[in-house]
Amino acid sequence: MKDKPVKEFITPISGKKVLIGAGTPEEQLIFALESSCDETACAIVKNGREVIANTVSTQIKTHELYGGVVPEVAAREHLNSIVPVIEKTFSDAKISPQEITAFAATVGPGLIGSLLVGLNAAKTLAITWDKPFIGINHLNSHVCANYIDSTLEPPFIALLVSGGHTQIIKVDNYTKQTIIGETIDDSAGEAYDKVARLLGLPYPGGATLDKLAPQGNKKAFVFPDAKVGQYEFSFSGLKTAVLRTVQNIKSENKELPIADIAASFQERITKTLFKKTYNALQEFGYKKVVLAGGVAANSEIRKKFFELEKEGYEVHAPAMKYCTDNAAMIGAAAYYLCNTFDSLDVEVFSRVAK
Ligand code: KG4
Ligand code: ZN
């Protein structure tokens, strides 16, 4: 067995040693919490790949009123949901806390007030049941969502496209993810959400725009590709180009061809994401590529990347429910020990330090 990580953890009360990770022969049940943004999520994951129970309580309806996530409101909603979500997960799994190997939670990046709810709940459970606590970086966990129900093994190149981030990541082994390029302004998800808003679609607009685009002509408008570094992204110019197009059409009192604009925008963003990731595959000589994050649920982006299978590449993307925020991916990241924070003293963080 090559490259199977294992690490010794100490339980918080009795100081007992517990080995965690794919390198141990014992069955491991990781209980995981995720509350970095507007989803209160909980999961129990067996050996990093098998989801025993998965609960996601979304706040979308609340934030829809404001057209975006309001941090203070999000934190309060997490407080209301966290206990019912935990209870439902244990009850669905028919597993008791004593049977859990370790308790994990997202540490950051994310909204501070929201993160604190999940992190403190996981720490409390770890102390109460005297089991190890494992803190997880949300971005690393999106990539690890690809291990769920899959036989994927590193090395591979990952394209992480979420509401907050857009990165190309080199994954050399389970514990090491190296960012080789990222956006210098908006993330792909932000671009989707902002353009959807310009077209009058409800928040968060990514999925709605995705459904609308196939009804439009993707050649109707030619939107610009940003001139940035080889593995860098910039989507703010694209967003402005869509805004100008919308303003021009409106100023002529013409009906807005929203499906055509959606299709043309999606065509641009898909081509840019694909081109840069493909270049990375070629430069580093990798034959496996994975998609991760909420925007990885996009039908056009998935289609474009899966076409690489014809060229002999192995292509992976999480099931739709594991693309957007969930806790199963936290359970997978904890098992594969991907960049973990092991101390109960760990503090939440809103951004990754550069
Ligand atoms: O990963 P995620 O759930 O949250 C963050 O960690 O940021 O990503 C949320 C983002 C939102 O911007 C949402 O509009 C976008 O993912 N999204 C999509 C689709 N489904 C969700 N964007 C494009 N097409 C989709 N089908
Ligand atoms: Zn996320």
Side-chain angles (χ1 to χ4, degrees), residues 32-41 43 54 56-60 63-64 67-69 71 74 105-111 114-115 118 136-146 158-167 169 182-183 186-199 201-214 216 233 235 238-239 242 262-263 265-270 272-274 290-305 317-330 332-333 338 349-352:
L33 287 172
E34 150 63 39
S35 67
S36 65
C37 190
D38 56 351
E39 259 95 32
T40 319
N54 183 50
V56 181
S57 167
T58 179
Q59 307 174 0
I60 284 177
H63 300 295
E64 217 173 26
V69 179
T106 310
V107 177
L111 304 171
S114 296
L115 286 164
I136 296 294
N137 176 310
H138 181 85
L139 304 182
N140 295 144
S141 79
H142 266 303
V143 173
C144 293
N146 279 282
L159 171 68
L160 167 63
V161 270
S162 72
H165 297 81
T166 300
Q167 300 177 334
I169 304 164
E182 61 190 326
T183 182
D186 289 353
S187 70
E190 265 175 293
Y192 262 96
D193 294 342
K194 287 175 179 171
V195 167
R197 201 172 174 172
L198 288 174
L199 300 181
L201 305 176
Y203 166 87
T208 321
L209 196 155
D210 187 13
K211 282 200 201 85
L212 178 69
F233 298 94
F235 295 117
L238 173 57
K239 175 195 66 193
V242 176
F265 161 79
Q266 181 148 284
E267 172 76 351
R268 173 70 277 153
I269 212 159
T270 303
T272 302
L273 293 171
F274 180 81
V290 321
L291 296 174
V295 184
N298 184 269
S299 53
E300 194 60 30
I301 296 172
R302 287 172 93 98
K303 197 169 112 212
K304 181 83 185 154
F305 275 83
M320 297 298 190
K321 63 182 168 186
Y322 302 129
C323 285
T324 43
D325 287 349
N326 66 89
M329 65 187 193
I330 306 298
C338 188
F349 61 91
S350 60
R351 289 172 176 276
V352 182

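Whatever order the structure lists them in is the order used to number ligands and atoms, beginning at 1.
- Between Glu190 and ligand 1, no pair of N/O atoms sits closer than 3.5 Å.
- Looking at Gly206 next to ligand 1, an N or O pair under 3.5 Å apart turns up.
- For atom 21 (C) of ligand 1, the nearest protein heavy atom (residue, atom name, distance) is Gly294 O, 3.4 Å.
- By the 3.5 Å distance cut-off applied to N or O atoms, Asp325 is counted among the residues near ligand 1.
- Among protein heavy atoms, the minimum distance from atom 15 (C) of ligand 1 is reached at Val295 CG2, 3.9 Å.
- In this structure, Arg302 places its CZ atom where more than 12 heavy-atom neighbours from other residues, nucleotides or ligands lie under 6.0 Å away.
- For the pair Ala213 and Gln266, the tightest heavy-atom approach, listed with the atom from each and the gap, is CB-NE2, 3.6 Å.
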Derivation and outcome, side-chain contact (heavy atoms from CB on, under 4.5 Å), residues Leu111 and Ser36:
CA-CA 6 Å; Leu111 304 171; Ser36 65; over 6 Å; no
Verdict with reasoning, Lys194 to Asp186, per side-chain contact (heavy atoms from CB on, under 4.5 Å)
CA-CA 10 Å; Lys194 287 175 179 171; Asp186 289 353; 3.4 Å; yes
Report the C-alpha separation of Leu160 and Leu139 in whole Å, then their side-chain angles, then the decisive distance to 0.1 Å, and conclude whether the side-chain contact (heavy atoms from CB on, under 4.5 Å) test is met.
CA-CA 8 Å; Leu160 167 63; Leu139 304 182; 3.9 Å; yes
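- Inspection of the Asp210 and Tyr192 side chains reveals no N or O donor paired with an N or O acceptor under 3.5 Å.
- Residue contacts with ligand 1, taken as heavy atom pairs separated by less than 4.0 Å, involve Asp210 solely via side-chain atoms from C-beta onward.
- Distances below 4.0 Å separate heavy atoms of Gly189 from the following atoms of ligand 1: 12 (O).
- For Asp325, the N/O/S atom at the shortest distance from the Zn ion (ligand 2) is named OD1.
- Ring-plane geometry between His138 and His142 is classed as perpendicular, the angle between the planes exceeding 60 degrees on a 0 to 90 degree scale with a lower cut at 30.
- The shortest contact between atom 24 (N) of ligand 1 and any protein heavy atom is with Asn298 ND2, 3.0 Å.
- Any N or O atom pair closer than 3.5 Å counts here, and His138 shares at least one such pair with ligand 1.
- Taking a 4.0 Å cut-off on heavy atoms, His165 fails to register as neighbouring ligand 1.
- Heavy atoms only, all atoms of each residue included: Asp193 and Pro204 are closest at OD1-C, 3.8 Å.
- Assignment of His142 to the shell around ligand 1 is supported, since a heavy atom sits closer than 4.0 Å.
- Listed by number with element, the atoms of ligand 1 under 4.0 Å from a non-hydrogen atom of Gly164 are 7 (O).
- The protein heavy-atom contact nearest to atom 13 (C) of ligand 1 is Asp193 OD1, 3.8 Å.
- Between His142 atom NE2 and His138 atom NE2, the angle centred on the Zn ion (ligand 2) amounts to 100° (nearest 10°).
- Defined by atom type and a distance below 3.5 Å, a donor-acceptor pair is present between the side-chain atoms of Thr106 and Glu34.
- The option from Gly163, Ser36, Gly293, Cys37 that lies nearest to atom 10 (C) of ligand 1, judged by heavy atoms, is Gly163.
- Contact record, Asn54 with Ala43: OD1-CB, 3.8 Å, taken as the closest heavy-atom pair.
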